[in-house]
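To start, the structure under review is shown below, and the notes come after it.
Computed over heavy atoms, backbone and side chain alike; hydrogens, waters and symmetry mates excluded. This is a predicted model, so every value here is computed, not measured. Chain naming here is simple, since letters A, B, ... match the order of the sequence lines and numbering starts at 1 in each.
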Amino acid sequence: MKKSIAVLGLGAIGRLIFNDLTKTHNGKIFLLGRDVKKLKKLSKGKAEVRSADVNDIASMVKAFEGIDVVIHSVHHEYNLNVMIACLKSGTNYLDLGGLYHYTKKQLQLNQTFHRAGLTAILGMGAAPGITNVIAGYGSQFLDSIDNVEIKIGNIDKSTYLQSSPLSNTYSIQTILEEFSWKPAVFINGQMHFIEPLSDREDYPFPRPVGSKKVQSTIHSELATLPYSLKAKNVSFKIAFDENFVNKIKTLNKLGFLSEENTKEISTEILRQLPKAVPEKIEQYEIIRVILEGKKSGVKKIINLDVHVKGENETIDKDTAVPASIAAQMIVKGKITKKGVFPPELIIPEKDFFKELSKRKINVFLNQKVML
Amino acid sequence: MKFDFVVLGATGEEGNIASKDLLNSGYKVLLCGRNKDKVKHLLKDKKARFAYVDLSDVNATAKVLKKSGANIALNCAELRWNIEAMKACLKSGLNYLDLGGLQEMTIKQYKLDNEFKKKNLVALLGCGSTPGISNVMANYAAERLDSIERIDLGFAWDSNIKTFVLPYSFESIVHEITNPAIILKDGKLQKATMCEFEGVKSFMKIGPQKTYCIVHSEVFTFYKYFRKKGLKNVHYWAGFPEHSFKVIETLIELGFGSSKPIEVKGKTIKPVEFSRDVLKKIERPKDYKETEDIWVKVTGMKNNERKIIEMGCLVETIKGWEDAGSNVDTGMTISIMGQMLHEGIINEVFGVTAPEISVPPKPLFDELIKRGMTIYLNNKEFV
């Protein structure tokens, strides 16, 4: 049985995925990207390095040869390119999300992947990813679902040797898109697109996160969950630090994020900012999904919380770990469905939760920890 | 056409204001810059023409200057081009005026003093609001004292609508805020903490405002010219309204004021220049009005008694100049001083000089008042 997994793109999350694979994957690992020299250095002898450019499908087809699963951790605008390369090379595919609009397009490749005998899992990080899986898991306890509420919040009590002016933990490009694209909200069986930042409100997360201001942002959970779960209402809200929001708002108001070209330059300027250098990491994230519906004619609420503790490692591992787990499930034959799927329709939940808990990410069903 | 004036950087905001003021006063003006579109409205005036000038090319600039037939060039470009503009004037034999060079550039500019003297040319530095009006007011006050010990000066402004409008050159603002301030303390020029908060001061028609100590060219020229009168301390205070300062701080913090080039899709871009272009596109909202106070406070002795003389120039949005807000005080002033030189009101003291010793106060104040500004002497309107 072939057992090779490749990480395409070694950005912040790609590196964490690689890190998890080196600790847990009993098979070959490949690192793929444009800068082979950099990849070699990052590989520390634990992976084979190949050159691949997400703008160049032929280069990817060549690089994917003999690889079972590619985890695509470059920006989502390349999702379709990488999927096409996977179809040509006969490789299974995983990504970290498609910010709704890309996901919609990617789902159209379902038949093609199915015919090719390949599996593609879309949005296999924390959110989307863990959110989808727990929502899917919770839905089994209900006959019909009225509301699906997703809420993400975190707290950072780390001490820093050097702080960053914009303490973003994931791709600044993605964040700027989340702040400027209209969020999708599914209300009464219909998709609505509202103004970005228009619905910020306080939300009481369980301790230690506490009350945080959450807002709707465009997210790929909305592209699949309403239909997978046959829910009437689905919303996704995530907490952003007030200071952070104000800074982005300022840039937006001044016109730095308006036109495509201007936004691109602004993004590049923000990428130059010094990264925060932590002295001691103490972070905590809570991913919450609340399902409201009926069971045997009685109103019922299912609450799923995932607690992610970041001690001496950042909570961003929760975006990397699910991709690593799912890729390993594919190579181990635990996932056999062929086609293009969102996580809620393909991930064996209990096995997935077990793997999460090994990595100190715990799932709570109605406040009780699950193993 | 033989021109009376050449305006370098006529395409910028201050260049536009200066050019319009010169044209309104009946002069023939050659408008220079790189982008003709930005002076289109001024070219409707038959006394105006456009010439392409890239200040990085001194020889080509000198040729344009020479061909213009004018005697005087007003440099309204970004201050980093001051030396190139001066060299072009030396080459072509034109007198030179500019809007200031903060501390660093001003010192470099004074090194060209001998060359200007040799050619019997005047280089008058810092002819805007501050430096400019502030220097002349300081001189007016200094002349009324036997000795002077201390000068405090600065600006403060606010707008009726608290929305961000670029108050003046973004490059200058970034320079002022991210470089250590220079102050004159106990007779010595010394570096002070960069943009240190100096407390809240109250200003005429503006009210209380936070002030910051920033680098400015007056500290250097006052020291140069008033030292013999005993001057030992000069302190520059910049007042920004909170809504504007916060935005500027955020932009600088997020790297939008950086001069370090970055690559975007194969193109090299300087963040500060990119930001300037984005910010310049912000339009002043309807009914947006600005008020600015340019002020000096001179402390010294008169007849063996300690005396303080305060002067101020109050600028509000002027009818017909709504697009320029309170920035009129900078562009109009260089135009007025240029005209004073043209008309022989400014004595031709050759070499590199500054308004506090070259520009007679009364005629300048008269012209400013004529244009709708108000001059105050010890809180009383100056007539």
Check whether the ring centres of Phe30(A) and Phe18(A) lie less than 6.0 Å apart, and answer yes or no.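 No, the ring centres sit 6.0 Å or more apart.
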
Mind ranking Leu254(B), Leu166(B), Ile269(B) by heavy-atom pairs under 4.5 Å with chain A and telling me who comes out on top?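 Sorted descending by pairs with chain A, the first entry is Leu254(B).
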
Under 4.5 Å from a heavy atom of chain A, the part of [X] involved:
{"X": "Lys267(B)", "value": "neither"}
{"X": "Phe256(B)", "value": "both"}
{"X": "Ser275(B)", "value": "both"}

Point-to-point distance, once rounded to the nearest 0.5 Å, from CD1 of Ile17(B) to CG of Asp21(B):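 Going from the CD1 atom of Ile17(B) to the CG atom of Asp21(B) covers 9.5 Å.
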
Heavy-atom pairs under 4.5 Å with chain B - which of Thr267(A), Ile265(A), Thr250(A) has more of them than the others? Ile265(A)

Of the backbone (N, CA, C, O) and the side chain (C-beta and beyond), which part of Leu273(A) lies under 4.5 Å from a heavy atom of chain B, both, or neither?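 Contact with chain B: side chain only.
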
At a heavy-atom separation under 4.5 Å, does Ser258(A) approach chain B through its side chain, its backbone, both, or neither? neither

May I ask you to decide if Val264(B)'s main-chain N or O and Glu268(A)'s side chain share a donor-acceptor pair within less than 3.5 Å? no

Determine whether a donor-acceptor pair (N or O, by modelled atom type, separation under 3.5 Å) exists between the side chain of Glu14(B) and the backbone of Gly331(B). yes

Tested for side-chain contact (heavy atoms from CB on, under 4.5 Å) against Leu31(B), the lone hit among Leu43(B), Leu8(B), Asn16(B) is Leu43(B)

Tyr52(B) six-ring face occupied by Lys36(B) cation (under 6.0 Å, within 45°): no

